[in-house]
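Here the structure comes first, spelled out in structure tokens, and everything after it is commentary.
Values below: every heavy atom of this structure, side chains too, minus hydrogens, waters and symmetry copies. Keep in mind it's a predicted model, so treat the numbers as computed, not measured.
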Amino acid sequence: MACLSYQTCALMSSSSSSTPKTQSRTCHLRVRANTVVAGASSKKTSGLRRLNAVAETAAMEVAELKKGIAELYDESSGLWEDIWGDHMHHGFYDPNADVSVSAPDHRAAQIRMIDEVLRFAGISEEAPIRGPKNVVDVGCGIGGSSRYLAGRYGVNCKGITLSPVQAERANALADAQGLANKASFQVADALDQPFPDGQFDLVWSMESGEHMPDKAKFVNELVRVAAPGATIILVTWCHRDLGASEKALKPEEKRLLDKICNAFYLPAWCSTADYVQLLQSLSLQDIKAEDWSPYVAPFWPAVIRSALTWKGFTSLLRSGTKTIKGALAMPLMIQGFKKDLIKYSVITCRKPE
């Protein structure tokens with residue numbers, strides 16, 4: 001399926017109005033990255049005026065996109081779990097360390113990603129969620145993040161996915177791990193969540209925002225289901241922020257992203273600055289964003305290497321055409337990161353009390 005056009009789906013094409021700064025924190029390693037803190041500048045761009053353009057995407061195209069996403073993950077989730085385990089997201093690596101290609105090391109990096117994201121959002125064992133009770137995992141995969149959060153914090157997690165196969169497997173794993181009373185999963189649309197307003201103390205979206213055809217509606221739904229004072233965490237693929245004199249990505253950059261869209265059932269990409277401006281427009285508090293691309297750099301080469309093993313290759317051939325198409329596009333992701341076109345963005349904020 002062709003990627004939805006940038007003309008109908010693009011959110012904003014302006015550069016960030018926030019000022020980068022360097023921030024440190026410690027887990028098992030020292031982390032340094034450029035941080036965007038919202039509100040650092042009052043400069044406004046014309047980008048917000050184009051947010052409603054995403055709503056013009058044809059309903060048929062959106063339905064086709066969602067069908068493709070569901071089928072892709074129906075096909076590929078079993079293969080991913082068999083090779084990579086519960087967590088269907090990037091790992092977090094020390095960019096200065098030699099990274100082993102062993103599966104246990106990569107799985108540990110995926111757990112470390114969750115811990116680092118929580119720490120970035122001000123949530124840790126030392127500084128726990130204020131009165132943690134309810135969490136929603138938007139785009140939950142097979143529920144790895146939800147089960148981890150439920151097991152570590154004792155919170156109640158609800159996960160949603162477009163894939164019936166993922167929802168069924170996530171519930172089975174929760175039951176097998178003794179977490180069925182803490183984590184449950186269902187098929188639902190992130191743009192129309194089946195939850196009442198203000199239900200969740202933590203709204204978690206780990207690498208699902210890139211699939212959303214209407215980024216403004218997506219973010220509004222995250223905010224709607226968040227309780228007053230709740231933390232919202234959005235980890236997603238973005239394209240680079242545009243320079244002050246740029247109105248759009250370069251044609252060759254768009255062509256590369258279009259190829260990735262075609263393979264992974266993605267609508268048009270947006271930038272980290274686009275998300276920050278959207279959150280600012282909704283009067284959210286404590287907004288900050290960070291590019292973690294250096295810390296996920298080993299991930300895609302490792303995924304490719306796993307596909308080139310006998311087990312990976314034979315499993316891939318049995319998985320289905322959509323999974324094979326996605327696998328063939330994995331080098332494009334590496335190319336995008338190397339060109340500084342693709343950014344791995346971590347964005348957090350808090351809903352006002």
Side-chain angles (χ1 to χ4, degrees), residues 6 9-23 31-41 43-48 50-51 54 89-90 92 113 116-117 120-121 138-139 203-220 222-223 231-250 253-254 256-257 260-261 266-282 284-297 299 333 336-350:
Y6 286 85
C9 283
L11 281 180
M12 291 170 280
S13 60
S14 58
S15 62
S16 173
S17 62
S18 302
T19 303
K21 72 176 183 180
T22 302
Q23 172 175 311
V31 180
R32 296 184 64 85
N34 290 329
T35 302
V36 178
V37 179
S41 170
K43 180 182 177 182
K44 300 298 181 182
T45 71
S46 62
L48 286 174
R50 292 193 295 276
L51 281 174
V54 295
H89 58 78
H90 286 64
F92 185 98
M113 172 62 75
E116 288 294 329
V117 169
F120 181 69
V138 180
V203 177
W204 174 274
S205 175
M206 173 65 76
E207 297 183 34
S208 62
E210 54 268 21
H211 282 299
M212 305 301 167
D214 187 334
K215 299 297 193 292
K217 188 173 183 181
F218 170 54
V219 170
N220 272 276
L222 299 182
V223 175
T231 297
I232 298 171
I233 296 175
L234 173 60
V235 183
T236 188
W237 311 349
C238 290
H239 68 62
R240 66 175 179 82
D241 290 344
L242 300 182
S245 62
E246 291 183 297
K247 294 185 178 180
L249 293 173
K250 299 173 183 177
E253 292 177 322
K254 289 184 179 181
L256 176 57
L257 293 184
I260 296 172
C261 287
L266 307 177
W269 297 51
C270 66
S271 71
T272 308
D274 295 338
Y275 272 118
V276 169
Q277 290 178 29
L278 178 54
L279 296 171
Q280 288 174 329
S281 75
L282 297 173
L284 295 166
Q285 299 175 346
D286 303 329
I287 304 168
K288 59 179 180 177
E290 192 166 284
D291 173 17
W292 282 11
S293 300
Y295 306 113
V296 303
F299 180 77
M333 289 294 296
F337 276 115
K338 287 184 176 180
K339 291 178 176 293
D340 288 327
L341 169 61
I342 296 175
K343 302 295 183 180
Y344 190 86
S345 299
V346 182
I347 305 165
T348 68
C349 62
R350 186 172 57 85

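From K254, atom NZ reaches atom CG of L341 across 11.5 Å, with rounding to the nearest 0.5 Å. A distance of 10.5 Å separates OG in S205 from NE2 in H211, rounded to the nearest 0.5 Å. Note: L266 CG to L257 CG = 9.5 Å, rounded to the nearest 0.5 Å. Atom CG of residue L222 and atom CD1 of residue I232 lie 6.0 Å apart, to the nearest 0.5 angstrom. From C270, atom SG reaches atom NE2 of H239 across 6.5 Å, with rounding to the nearest 0.5 Å. Atoms SG and NZ, on C238 and K343 in that order, are 10.5 Å from each other to the nearest 0.5 Å.
Although no hydrogens or angles enter the test, the distance criterion places a donor-acceptor pair under 3.5 Å between the side chain of T236 and the main chain of E210. A donor-acceptor pair under 3.5 Å is formed between the side chain of D241 and the backbone N or O of A273. At distances below 3.5 Å, not a single donor-acceptor pair connects side-chain atoms of K217 with backbone N or O atoms of M212.
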Trace of the side-chain contact (heavy atoms from CB on, under 4.5 Å) decision for H89 with V235: CA-CA 10 Å; H89 58 78; V235 183; over 6 Å; no
Check against side-chain contact (heavy atoms from CB on, under 4.5 Å), W269 and L249: CA-CA 11 Å; W269 297 51; L249 293 173; over 6 Å; no
Pair M333-F299, side-chain contact (heavy atoms from CB on, under 4.5 Å): steps then yes or no: CA-CA 10 Å; M333 289 294 296; F299 180 77; over 6 Å; no
Step-by-step side-chain contact (heavy atoms from CB on, under 4.5 Å) determination, T272 to I347: CA-CA 8 Å; T272 308; I347 305 165; 4.2 Å; yes
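Nearest heavy atoms, I342 versus S293: O-OG, 3.8 Å. Across all non-hydrogen atoms, the minimal contact from A216 to N220 is O-ND2, 2.7 Å. Here the shortest heavy-atom pairing between G139 and S208 reads CA-CB, 3.8 Å.
Screening F337, F92, Y344 for a ring pair (Phe, Tyr, Trp, His ring centres under 6.0 Å) involving W292 leaves a single residue, F92.
Ion pair D340/R240 not flagged as a salt bridge, since none of the NZ, NE, NH1 or NH2 atoms sits closer than 4.0 Å to an Asp/Glu carboxylate oxygen.
Annotation: side chain of F218 is in contact with side chain of V138 (closest heavy-atom distance under 4.5 Å). Using a 4.5 Å cut-off on side-chain heavy atoms (C-beta onward), L256 and K339 make contact.
With a 6.0 Å cutoff to the six-membered ring centre and a 45° limit on the axis angle, K215 does not count as a cation-pi contact of Y275.
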